[in-house]
Every structure is written in C-alpha cells, then in structure tokens.
**Q** 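This is the structure I want to talk about, given as structure tokens.
Worth knowing before you read on, the calculation uses all heavy atoms, side chains too, and leaves out hydrogens, waters and symmetry mates.
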Amino acid sequence: MENNSDKDFLEEEQTSEKENNASIEDTDSFDSENTEDTSSTEAYGINTEGNEGSAVNSNVMSKPVKSKRLIQFPLIIAAGIFAATILAFGIWKVFFDTSIEGTWVYENSRDTATSDQTDSNVDSNLYVVFSSKIVNEEKGYKDVSAYQGTQEQHKSYLIEENEDGTKNLQSSLGLAGEYKVTGNWITGRTLTVTATSYDGTEVEQVFRSTFLPKFELPPVSDDFKVNKDIIGEWDLNAEYKVTYTFNENGTFTLNQNDESVLNGTYVVYEDEGKITLTYIGQGIVSFGVQTFDMTYSKDGDTLVIDGLEYTKAESESK
C-alpha cells in the first residue's frame, strides 16, 4: 500500500521546484531587460550614475591609421642616396679635383714690387679667378678675371683637350699655354701653365689655390672736398663704353667697357682745373700707390675730361 504522505511530499517538492524555476526565469528576463536598457543608455553615452556626464557617441568608428612604413621606406632610401652622392662629390672635390676653376695667386707676384713696397701693407700679388660662367655660348668662352691692387681685368678663356689627354688654356688675359693642376684642397692645389716664348724656350707660370682677399683703397687725401659738380656717374659719348663714377666719400671707379676697372680715391682742384686720381696698381716702374692728373671743365650736364665729353647718367635716363 502506497504511503500517501510520501506521495504528497513528492508532489509538494515538484511544485516547489517548478515555482523556483519560474522565479529564476523571471529574474533572468528582468536582468536581460536591464542589460538591454543599460547597453542602450551606454550606446547614447548617457551617464546612468549621475547627470555629470557629457553625451559622447561611442558608436563613431575611429579611422584606421595607415601604415607609415610604406611612406617612410622610400624617403629613407632617397635620403641615403642623396647623402651618398654628397659624400662622393665631397671626396672627389677635396682629393681629385683637377679643374682650373677657382681662385689662384701667382707665385712670383711680389717680384714686381720693390723691397719697401713689399714690406708695407700693400698687397702686390696677382690673383686670377677662373669662373664657370659662360660669356659666349657660341664659342664656349668662360669668364676669367685678374685682380692686382685696386685694378681689375675681366676677360674670357677657353679650355681645349688634346688627344694625349693634355689640356691647353687660351685666354684674352694674356695667360695661355698647356696647363695642369696638381695637389688637393687639403695640401693645396697648384696650377702650372707652360707657354713657349718667341725664341722657342718654355716658360712656366705657377699659381697656387687661394681665396680672393678684400682690396683696400688708398686713403682719401686731406685736400679732398666734396664738389657737387662732378658727383655722380659720367658716360663717354662713344661706342666704346667708358664711365667715371665720383662718390661723395672721395672714392671713384673708372670702368672701361666692363673689361678694365680701376678703383681709388680722388681730389678736385677747382682753381687748377684738374682732378687727381690715386690707386694701387702696376705703374711704369714698379707696383704700388700710383697717381695721375687729368684736366676737367664743366658745361651744364657735360663734364669734359682731358678733352672728352662725358654726360651725366641721370640726365640720359630722363
């Protein structure tokens, strides 16, 4: 005979278990709803713990960052090639440069000066500057300049290479012949020009590499006074360009066809009708401070110097 109390107990246990399961399902459903609500509030950036938060849309996707390696790698290669090129050029320039371009000083320059001039502060050296600037496209002539004292010469030169590899220099400066460059920029470079004289003997002219110095003008004379009548630039009315420029500080420049330039100081002697020019250069006898006089007169905008008429540049431009 079945025990009724046990049956009732089992039925009560089953009923209780069903109720507990239903309670658990209700609780899970409630938590799920709360979770959905929470995620919804978080999705809109709402601070569920207070009112101090600011609305930030966290759903906005951040842009993907491009890899910098793809950009940096070609730049690194280009920088390496550039640095290697600069280094190679620097090594060649320092140790293997045999070009004639640059500034050179004539080794025997001081032989033309007397002992008292050599011992003074007057620089009697002859400086020659070979440039890469082309002055004649058709013939390939380049610019060469010579400086001695306050005298300048601006001419042209041409380099020709022989079949045996030797090189010849042709220059309207008066410097010509077969040449070679030896040495380097550390120990010093040497330019040797070998020319054949009229009697068939070979003459060597030796130059060493250097830098072009600043040439000092002779001091302005105590007799100098500003003369407004001649201040300015004066051009010779001729096909061949000759220009005198007289400055208020007592200095002058004489430019002859942009090939010969002379700089120095001057004094005007009105009573005597003359202008005395002083410069540093090669004279008839020796190198040093040179002076020469020239007559002048003024006629309106015309300045007559040694019988030649010069017109003031400002008047021509008006």
Side-chain angles (χ1 to χ4, degrees), residues 103 109 112-114 116-129 143 145-155 173 211-318:
T103 303
S109 297
T112 62
T114 61
D116 59 332
Q117 292 167 341
T118 304
D119 293 337
S120 67
N121 293 326
V122 176
D123 187 350
S124 62
N125 285 312
L126 172 64
Y127 298 87
V128 179
V129 181
D143 178 73
S145 301
Y147 302 85
Q148 191 172 29
T150 58
Q151 296 174 304
E152 303 175 14
Q153 293 286 328
H154 302 281
K155 301 291 185 178
L173 194 63
F211 295 95
L212 190 65
K214 179 180 179 181
F215 300 97
E216 298 294 336
L217 297 176
V220 178
S221 172
D222 294 336
D223 295 337
F224 172 75
K225 293 180 181 179
V226 176
N227 188 314
K228 295 292 185 180
D229 288 339
I230 71 166
I231 297 299
E233 181 180 316
W234 302 88
D235 297 333
L236 180 64
N237 297 324
E239 183 177 351
Y240 185 81
K241 176 184 176 181
V242 178
T243 302
Y244 278 98
T245 302
F246 297 101
N247 303 309
E248 292 188 358
N249 61 358
T251 62
F252 80 90
T253 298
L254 170 59
N255 186 331
Q256 301 182 58
N257 210 40
D258 293 331
E259 294 183 354
S260 177
V261 179
L262 182 64
N263 297 288
T265 57
Y266 73 97
V267 179
V268 177
Y269 296 97
E270 295 185 46
D271 295 339
E272 302 177 36
K274 73 174 182 178
I275 302 174
T276 299
L277 304 182
T278 304
Y279 65 97
I280 300 175
Q282 184 63 48
I284 298 176
V285 178
S286 62
F287 182 91
V289 178
Q290 313 290 340
T291 61
F292 69 91
D293 297 332
M294 55 189 187
T295 61
Y296 89 98
S297 62
K298 185 74 184 305
D299 183 11
D301 287 337
T302 301
L303 180 65
V304 181
I305 299 177
D306 285 342
L308 299 176
E309 294 183 351
Y310 293 79
T311 302
K312 200 166 188 179
E314 292 90 357
S315 299
E316 290 183 348
S317 61
K318 292 182 181 179

**Q** Contact between V122 and F287 at the side-chain level, heavy atoms closer than 4.5 Å - yes or no?
**A** yes

**Q** Does F215 have its ring centroid less than 6.0 Å away from the ring centroid of Y127?
**A** yes

**Q** How many angstroms lie between CG in L262 and CG in L277, if you round to the nearest 0.5 Å?
**A** 7.5 Å

**Q** Give, for atom OG1 of T243 and atom CG of N257, the distance between the pair rounded to the nearest 0.5 Å.
**A** 9.5 Å

**Q** Do N263 and E152 make a side-chain contact, defined as non-hydrogen atoms from C-beta onward lying under 4.5 Å apart?
**A** yes

**Q** Are any side-chain N or O atoms of K298 and backbone N or O atoms of D229, one a donor and one an acceptor, separated by less than 3.5 Å?
**A** yes

**Q** Between the main-chain N or O of N247 and the side-chain N or O of Y266, is there a donor-acceptor pair closer than 3.5 Å?
**A** yes

**Q** Under 4.0 Å between a side-chain nitrogen and a carboxylate oxygen: does that hold for D235 and K241?
**A** no

**Q** When you look at CD of Q256, are more than 12 heavy atoms from neighbouring residues, nucleotides or ligands closer to it than 6.0 Å?
**A** yes

**Q** Would N125 and Q148 count as a side-chain hydrogen bond (donor to acceptor under 3.5 Å, both in side chains) if you check the C-alpha gap in whole Å, the side-chain angles of each, and the deciding distance to 0.1 Å?
**A** CA-CA 6 Å; N125 285 312; Q148 191 172 29; over 6 Å; no

**Q** Any heavy-atom pair between the side chains of V268 and K225 that's under 4.5 Å?
**A** no

**Q** Can you tell me how far the OH atom of Y244 sits from the CG atom of N255, to the nearest 0.5 Å?
**A** 11.5 Å

**Q** For F211, does the CZ atom sit with more than 12 other heavy atoms under 6.0 Å from it, leaving out its own atoms?
**A** no

**Q** Which value, rounded to the nearest 0.5 Å, describes the distance between I275 atom CD1 and N227 atom CG?
**A** 8.0 Å

**Q** Any side-chain heavy atom of T253 sitting closer than 4.5 Å to one from T251?
**A** no

**Q** Under a 4.0 Å N-O cut-off, is there an ion pair linking E248 with K228?
**A** yes

**Q** Measuring only between side-chain heavy atoms, which start at C-beta, is T103 closer than 4.5 Å to V128?
**A** no

**Q** Going by an N to O cut-off under 4.0 Å, is there a salt bridge joining E233 and K312?
**A** no

**Q** Pair Q153, S260 - check side-chain hydrogen bond (donor to acceptor under 3.5 Å, both in side chains), show working.
**A** CA-CA 5 Å; Q153 293 286 328; S260 177; 3.3 Å; yes

